[in-house]
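What follows is a set of notes on a single structure, which appears directly below.
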Amino acid sequence: LAKTNVVIANDIASLAQSSDKDVSVQQKQIITEAIQAAIAQSKAAATLNPSKANNWEALGTVYANVTGIANGSPQWAISAYTRAISLDPNNAKYHSKLGTVYYLTGRYDDAINSFGRATELKPDWASAWYNIAWSQYKAENPGRAIVSMTKAINLI
């Protein structure tokens, strides 16, 4: 249900942008309510079963999707993904999602570490190699970025 609310909020915002119209007051209200519901639903799942890594990952995903809309959402996403990783440290997807939040917030060294851990756990994951390459490039290490991008291309 939380994911559905995020999709609703994103779709309404995208429709307004694609039509070159400003978001109406009613649309803003629906977006706000959908985001608040998604956060509340994800928090409830994590609270009801805090030992289930998927619940923390879902909460992290909600916060990651509302970055730029909800104050503090990147920090909350990082916290939720970190909790998921603590419960399931060998899940490459969790490390990659954490890396994405780090990348989007300009924390490129942290992104490199997270994507690097994802590639250690799943060496044939082209997407993780691609993401580590861009993180290395943004961290002004083009030599390493070329090596990682080459790896991603070879895997594709």
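These numbers come from a predicted model, not from an experiment.
Clustering of Ile, Leu, Val, Met, Phe, Trp and Tyr side chains at separations under 4.5 Å leaves Ile156 isolated, with no partner residue. Under a 4.5 Å side-chain heavy-atom cut-off, the cluster of Ile, Leu, Val, Met, Phe, Trp and Tyr residues that includes Ile85 is completed by Ile78, Tyr81, Tyr94, Leu98, Val101, Tyr102. Through direct or indirect side-chain contacts shorter than 4.5 Å among Ile, Leu, Val, Met, Phe, Trp and Tyr, Leu121 is connected to no other residue.
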Report task. Apply side chain to side chain contact (heavy atoms under 4.5 Å, CB included) to the pair Glu57 and Asn55, showing each step before the final yes or no. Result -> CA-CA 5 Å; Glu57 183 250 345; Asn55 289 341; over 6 Å; no
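Residue pairs satisfying the ring-ring contact (aromatic ring centres under 6.0 Å, His included) criterion with at least one member in residues 28-49, sequence neighbours excluded, are absent. Residues in residues 135-156 take part in these ring-ring contact (aromatic ring centres under 6.0 Å, His included) pairs, two or more places apart or across chains: Trp134-Tyr137. Among residues at least two apart or in separate chains, there is no salt bridge (charged side-chain N to carboxylate O under 4.0 Å, His left out) pair with a member in residues 24-40. Contacts classified as salt bridge (charged side-chain N to carboxylate O under 4.0 Å, His left out) and involving residues 59-69 (residues at least two apart or in different chains) are not found.
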For a quick test of your reading: what N or O donor-acceptor pairs under 3.5 Å do the side chains of residues 143-151 make, sequence neighbours left out?
{"residue": "Ser148", "atom": "OG", "partner": "Gln136", "partner atom": "OE1", "Å": "2.7"}
{"residue": "Ser148", "atom": "OG", "partner": "Arg144", "partner atom": "O", "Å": "3.3"}
{"residue": "Thr150", "atom": "OG1", "partner": "Ile146", "partner atom": "O", "Å": "2.7"}

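Under the side-chain contact (heavy atoms from CB on, under 4.5 Å) criterion, Gln26 pairs with Ser24, Ile30, not counting sequence neighbours. Looking at residues two or more places apart in sequence or on another chain, you find no side-chain contact (heavy atoms from CB on, under 4.5 Å) involving Pro142. The side-chain contact (heavy atoms from CB on, under 4.5 Å) search around Thr67 returns Ser73, Pro74, not counting sequence neighbours. Applying the side-chain contact (heavy atoms from CB on, under 4.5 Å) rule to Thr4 yields the partners Ile8; only residues at least two apart in sequence or on another chain are considered.
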